[in-house]
Protein chains: 2
Amino acid sequence: MDTRTALLDSAERAARQRGYDGFSYANLARDVGIRKASIHHHFPTKADLALELVERYAATFADALADIAERPSNGAEKLRAYLGLYRDALAGGTQLCLCVAFSAGRESLSPPVLAVLNRFHADSIAWLEHVFASAKVDRSVSGVGDIGAEARATLALMEGAQLIARGAADLDQFNRATAAFAARLSPASRH
Amino acid sequence: MDTRTALLDSAERAARQRGYDGFSYANLARDVGIRKASIHHHFPTKADLALELVERYAATFADALADIAERPSNGAEKLRAYLGLYRDALAGGTQLCLCVAFSAGRESLSPPVLAVLNRFHADSIAWLEHVFASAKVDRSVSGVGDIGAEARATLALMEGAQLIARGAADLDQFNRATAAFAARLSPASRH
DNA sequence: GTCTATAATGGGATAGAC
DNA sequence: GTCTATCCCATTATAGAC
């Protein structure tokens with residue numbers, strides 16, 4: 001594999017486990033098998049690396065959301081898939097969504113990275129608002145209230161449930177924290 | 001004020017803004033007005049400081065929960081007060097609950113600090129389970145399902161809503177994310 | 001593209017005078 | 001209890017050979 005990609009992969013794993021301040025070029029160098037000075041050839045500064053990391057992550061996530069949105073499914077099924085994204089991102093209780101992991105050490109981040117993070121949040125909320133709006137029409141989700149509030153509550157629930165599960169290193173904590181939310185979603189139809 | 005207390009206060013502010021890795025003895029020294037070497041007289045290592053910090057915070061929080069629990073109020077009013085604790089902890093969008101702030105850089109923390117953090121979470125969940133159980137009886141909260149799931153979902157919602165509000169540096173984001181939850185609580189009676 | 005070598009900085013921590 | 005002075009280490013980053 002491409003050294004550059006290997007570095008990004010290694011950095012993503014580390015960042016999602018330990019946050020931005022929690023990984024160093026020395027870690028990456030050991031992990032990838034080159035010297036730390038060589039990393040600067042690919043990413044001149046750590047801020048450059050972080051920016052590309054978060055951009056790549058946001059793009060991948062946005063693709064996943066677009067993929068879900070395009071499916072010919074109702075609101076409940078889209079939200080179930082959304083829930084699955086956050087469950088999978090936990091990697092069994094060891095990792096967080098990169099944006100949650102970066103949200104903590106926020107003050108260490110460069111302005112461009114913060115900008116991507118904020119966009120990620122705004123896009124997520126907009127996507128959720130859209131899905132909740134369609135769910136209100138197709139009646140596949142019970143008790144849908146104000147769309148903006150639903151979207152923010154859902155995002156908060158995902159991020160908080162990740163923190164709880166990560167703290168306990170136990171994926172089941174995520175499932176329990178999101179059980180009531182999942183119960184609002186009408187069952188998947190058996191095609 | 002006591003130098004020791006001033007150091008703890010300064011450290012708490014810094015930690016809740018920037019996480020464990022995000023503050024240093026140099027910061028505290030500048031803030032409190034002594035030299036950084038002097039801090040070691042009060043707290044030999046940073047792990048010692050962090051432990052006392054998190055213990056003090058957990059104790060204060062536990063007192064607040066006990067205070068709420070002892071009030072002659074129904075489940076809804078207790079949960080409203082709980083919500084208020086997390087809203088106030090945001091300090092208008094600039095700070096997180098210490099346990100949320102520490103949850104991120106988890107891997108940097110010493111085992112004793114992690115232990116206090118885990119106890120904090122467990123105690124919070126137990127407290128919430130108890131309140132939801134009583135709310136099920138007094139019918140002051142709508143649609144109460146499984147107690148354990150309700151408790152974990154509520155904790156996750158608080159923590160996630162804090163992250164969202166902090167990211168936007170806007171307290172109102174917290175209110176919006178928790179609006180649906182607040183709407184489940186029966187209105188406060190006018191004595 | 002990767003290496004060795006080396007800044008330059010900042011971190012936590014210690015010794016010992018006052 | 002606080003200070004100065006110092007240590008050791010890890011960090012990001014650069015220069016220049018190969």
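Values reported hereafter were calculated over all heavy atoms of this structure, with side chains retained and with hydrogens, waters and symmetry mates removed. Just so we're on the same page: letters track the sequence lines, and every chain starts at 1.
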- Take nucleotides 7-18 of chain D nucleotide by nucleotide from the 5' end and write B, S or -, depending on whether a protein heavy atom sits under 4.0 Å from the base, only from the sugar-phosphate, or from neither. ----BBBB----
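In this structure B/F174 satisfies the ring-ring contact (aromatic ring centres under 6.0 Å, His included) test with no other residue, sequence neighbours excluded. In this view, A/Q173 and A/I164, A/A165, A/A168, A/D170, B/R152 satisfy the side-chain contact (heavy atoms from CB on, under 4.5 Å) rule, not counting sequence neighbours.
Residues B/F181 and B/M158 have side chains in contact (heavy-atom distance under 4.5 Å, counting atoms from C-beta outward).
For D/dT2, one of the phosphate oxygens OP1 or OP2 lies less than 4.0 angstrom from a side-chain nitrogen or oxygen of B/T3. An OP1 or OP2 oxygen of C/dC3 is reached within less than 4.0 angstrom by a side-chain nitrogen or oxygen of A/S38.
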With a cut-off of 3.5 Å and sequence neighbours excluded, list every side-chain donor-acceptor pair involving residues 80-88 of chain A.
from  : atom 1 : to     : atom 2 : distance (Å)
A/R80 : NH1    : A/S186 : O      : 3.2
A/R80 : NH2    : A/S186 : O      : 3.0
A/R87 : NE     : A/N175 : OD1    : 2.9

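Atom CD1 in A/I39 sits about 13 Å away from atom C1' in C/dC3, given to the nearest Å. Nucleotide D/dT6 holds its P atom 14 Å from the CZ atom of B/R35, rounded to whole Å. A straight line from NE2 of A/H41 to C1' of C/dT4 spans 16 Å, rounded to a whole angstrom.
Proximity of a side-chain donor or acceptor of A/Q162 to a complementary backbone N or O of A/V100 within less than 3.5 Å is not detected.
Applying the side-chain hydrogen bond (donor to acceptor under 3.5 Å, both in side chains) rule to pairs touching residues 51-65 of chain A yields A/R4-A/E52, A/D9-A/R56, A/E12-A/R56, sequence neighbours excluded.
Of all the residues in residues 4-15 of chain A, not one reaches under 4.0 Å from DNA chain D with any non-hydrogen atom.
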